Asks: 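Mind looking over this structure? Questions follow.
Residue numbers start from 1 in every chain, and the chains themselves are labelled A, B, ... in the order their sequence lines are given, proteins ahead of strands. Given the structure is predicted, the values throughout are model-derived calculations rather than measurements.
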Number of protein chains: 2
Amino acid sequence: MSIATVSRALNGSSNVSEEARRKVTEASARLGYIPHGGARSLRTRRTNCIGAVLPDLHGEFFSELIRGIDRVARSHGLSLLLSCSHSDVDELAAALRAMQGKVDGLLVMSPHVDAEVLGVNIPRSTPTVLMNTRHDGERYVSLTVDNYGGARAMIQHLVGSGHRRIALITGPEENFDSAERLRGATDALAELLPGVHPQIVRGDFTEQSGFRAGRMLLASADRPDAIFAANDMMALGCVFALTEGGVSVPGDIAIAGFDDIPVARCVNPPLSTVRVRIAELGELALERLLRGINAAGGDTIAQQTLGTQVIVRNSCRAAAARLPMVDAELASSVVS
Amino acid sequence: MSIATVSRALNGSSNVSEEARRKVTEASARLGYIPHGGARSLRTRRTNCIGAVLPDLHGEFFSELIRGIDRVARSHGLSLLLSCSHSDVDELAAALRAMQGKVDGLLVMSPHVDAEVLGVNIPRSTPTVLMNTRHDGERYVSLTVDNYGGARAMIQHLVGSGHRRIALITGPEENFDSAERLRGATDALAELLPGVHPQIVRGDFTEQSGFRAGRMLLASADRPDAIFAANDMMALGCVFALTEGGVSVPGDIAIAGFDDIPVARCVNPPLSTVRVRIAELGELALERLLRGINAAGGDTIAQQTLGTQVIVRNSCRAAAARLPMVDAELASSVVS
DNA sequence: CTGAAAGCGCTTACAG
DNA sequence: CTGAAAGCGCTTACAG
C-alpha cells in the first residue's frame, strides 16, 4: 500500500476500495497516527486557521472580542491563531511575520500604529481585515467602532442632564480609539458649552491610570461635576478613587465610561457607558475576512462603522433604581 | 544567487559575504518578501508556536489564564495558537488534531473529559502539559489547582464565622474542578457539622445559573444563612438574585465564590472567594512545557498542585470596611 | 482503484 | 563563501 492510498483513504477520497479504507483506518487508529497539519497545508495552500493580532489578549474587552471571533471561526471549522502586539511596533511586526504561512487570513487590530507598518509585514497575498485601525482606506477592508459619534452622544447626555463642568480622561495619546473619542467629546463640548474649556487628564486605558486621574481631579481647584473616561476600566478606577476620597458617585460627581464591558453593570454603582457591541465587531470582521478568502478575487475594499449606544446607569444619576439587574437600560438608551 | 544563499542571508548565517547579505536584505525589503513559516517549520521541525486548548476563551478566568501563558510565551519569542473545546469531546479532539504539526508543544485544560481522549488525539511525540485535567498520572506532566483544599478552607471559614445552614452551588457534574470543589466542601461540612445535610443546587459555572440557583434558594423552605458557589461567576449571579429578592448580602445571607477573578473585588458587595493564582497557573504550565520541549528526553513526569487562599470581603460579613479598595484582604486571608 | 512522481517553500549538510 | 541536491510530510494530477 502506497502513502498515496493512505492519504486518499484518510481524506475520504471516493476512489479507494472499501478494504483499503478499512485497513488504513484500523492501522491509523492503532498506531495513533495524526496527519501533520503543517505539511498538509504547505501542499494544499489551506491552513484552516485564522490569525488574529490584537493589542492585548487580556481584559474583558479582548475577551469579548475573541468570543465573537471564535464563534464564527468555530462555525466554519477554523482554528484561531492569536497573538498580541502589546502596543509595540516591533512586536506587532514580529507577530504578523510569525503568522505568515500559518493562516489563511488575518484579523488585525492595531489602534496604536498606522497601516504602513502593516503593509510591510503582511504579504499582499494574505487576505486581511482591520479593526479599529487608522488607515487610508486604499488597501484594506476595515471595521471601526463609531468612537466619535459615541463620545458625542455621551457628552450630549451629560450636558442634557445638567452637567456643566465635565472633565475628560483620555487613553494613550497615539491610540486611534482614544483620539477619536477625545475628538468626539471635545467637539460636542465646544458646540454645547461654547467657551468652556474642559479639564483633560491623560490615562492609558488601565484601571490604575483611571484611579490616578480620579485622584488628580479630586484635588483640582475646579472640581468637575461629571467625568467622562475614554474606557470603562479607567472609569472604574476613577470611581474607586472618588469613593475612597469620600465623594459620592453620582451624588457629587457623575462618571461615565466607554465600551460597556460585562463588568460595567456589576460594579457599584453600575457604570453609565457607551456600549460597543464588542463580540459583534469580532464576528463581523471574521465574516468579512472569510468572504475575502473565498472570493479569491478579493472583497470589494470597504469600510464599515459600527454604531454605539449610550447606556445610562446609576453612576450618572442620583435618583435611579438601586437594583443592579433592573437598571433602566432600554428605557434610557440613546442610539448614537 | 541561489535560494540557499538567500536563506542563509535571511537567517543570519555567518558564512555569507557582506555584499550578498546586503543585496538580499535590500531586495527582500523591496519585494516585501516574508518567509513561509509553514515550510520553514516543516524543515526545521520547530514551529516556535505553542498550542493551548482550553474549555473556553471567554470570561475573566480564561482571560487571566491566557495572560499568564502569553507572558511566558512572549518572553521566549513564541506565538500562541489558541483553540477551545467548548466542553465538547468531539470539538476537543478536533482542536487537538488541528494543532498537530503546527506547534512545538501543547497546553491542555479539559476538566470535562478524561485523559483517554487526549491519548488518542495527541501524538506521543508532542510534549504536553495538562492543567486541571483528570488523569491517571502515568503519562502527562500536570498542574492542578488545589480545588479540594480551597473548598475545605472556605467551609472552615464560613463555619468559623457562625454559619450553620450553608448551601452549595456546584458547577457542571462532569467537571473535574467542580467535582473536587464539591468534594472538599461536603467533606469539610461532614466533619464540622456532622449530621447536617447541606442543600446542593446544580449550576454550570455561568452567571445565569448562579442567578437561578439564588432564586431557588430564596424560595426554599429552609433558607440558608450562607451560600458557597463553586465559582465567582455563579456567586455573582446569586448575589444579584438575592439583592433583587430584597435579601441583604451579607446581612441576611453570606455569599462566597471560587477563583477570585478580577471583577470579584469590584462588585457590590465585594465578593469573598477562594483565590486561585490563575495567571500563575498558565505561567507555570508553559514553563514546564518549555522545559519538556528543550529537555528532548522529556521532563520527569510529575504532578504539581497550586495552593489557594481564602479571601474575605464584604459579601461574607456585615461589619466590614465599605470602601472597595481597602478590603481587609491581607489581614484576613487564610492560606489553604 | 492504485502507485510513482512531482512539488508545496523552505533549510542544511555536502562538495566545491 | 556559494550552489546543487536532498528532504521535511503531505496531496494530487497522471498513468496504468
Asks: Which stems, defined as runs of 3 or more consecutive Watson-Crick or G-U wobble pairs with both pairing distances under 3.5 Å, involve DNA chain D?
Replies: C:1-3 with D:14-16, C:5-12 with D:5-12, C:14-16 with D:1-3
Asks: List the steps, then state whether salt bridge (charged side-chain N to carboxylate O under 4.0 Å, His left out) holds for A:Glu26 with A:Arg22.
Replies: CA-CA 6 Å; A:Glu26 189 272 327; A:Arg22 195 183 44 68; over 6 Å; no
Asks: Between A:Arg291 and A:Glu287, does a salt bridge (charged side-chain N to carboxylate O under 4.0 Å, His left out) hold up when you go through it step by step?
Replies: CA-CA 6 Å; A:Arg291 233 175 296 150; A:Glu287 276 163 10; 5.1 Å; no
Asks: Is a side-chain donor-acceptor pair under 3.5 Å present for A:Asn231 with A:Asp259?
Replies: no
Asks: Think B:Asn15 has a side-chain N or O under 4.0 angstrom from the OP1 or OP2 of D:dT2?
Replies: no
Asks: Please state the C1' separation for the pair D:dG16 and D:dT12 - nearest whole angstrom.
Replies: 16 Å
Asks: Does a side-chain heavy-atom distance below 4.5 Å link B:Val129 with B:Ser142?
Replies: no
Asks: Look at the side-chain N and O atoms of A:Tyr33 and state whether any lies under 4.0 Å from the OP1 or OP2 oxygen of D:dG9.
Replies: no
Asks: Taking atom P of D:dC1 as reference, at what distance in whole Å does atom CZ of B:Arg22 sit?
Replies: 15 Å
Asks: Kindly indicate whether the side chain of A:Thr206, heavy atoms from C-beta on, has any atom under 4.5 Å from the side chain of A:Met233.
Replies: no
Asks: Using a heavy-atom distance cut-off of less than 4.0 Å, which residues of residues 34-47 of chain B contact DNA chain D?
Replies: B:Leu42, B:Arg43, B:Arg45
Asks: May I ask you to check whether A:His86 and A:Glu91 show a side-chain donor-acceptor distance below 3.5 Å?
Replies: yes
Asks: How far, in whole Å, is D:dA5 from D:dC1 if one measures between their P atoms?
Replies: 23 Å
Asks: B:Asn48 has an atom CG; how far is it from atom P of C:dC10, in whole Å?
Replies: 16 Å
Asks: Do other residues, nucleotides or ligands put more than 12 heavy atoms under 6.0 Å from A:Glu173 CD?
Replies: no
Asks: Between B:Lys23 (NZ) and D:dG3 (C1'), how many Å, whole number?
Replies: 15 Å
Asks: B:Ile3 has an atom CD1; how far is it from atom P of D:dA4, in whole Å?
Replies: 10 Å
Asks: Would you kindly say whether B:Ser13 and B:Asn11 are connected by a side-chain donor-acceptor distance under 3.5 Å?
Replies: no
Asks: Ignoring backbone atoms, test whether B:Ser17 places a side-chain nitrogen or oxygen under 4.0 Å from the OP1 or OP2 oxygen of D:dC1.
Replies: no
Asks: Checking all strands, does A:Ser7 fall into the base, sugar-phosphate, or nothing category for heavy-atom contacts under 4.0 angstrom?
Replies: base
Asks: Strictly below 4.0 Å: does A:Thr5 bring a side-chain N or O up to OP1 or OP2 of C:dG3?
Replies: yes
Asks: Figure out the CZ/P separation between B:Arg8 and D:dC1, and round it to whole Å.
Replies: 11 Å
Asks: Are the side chains of B:Met109 and B:Pro55 in touch, meaning some heavy atoms are under 4.5 Å apart?
Replies: yes
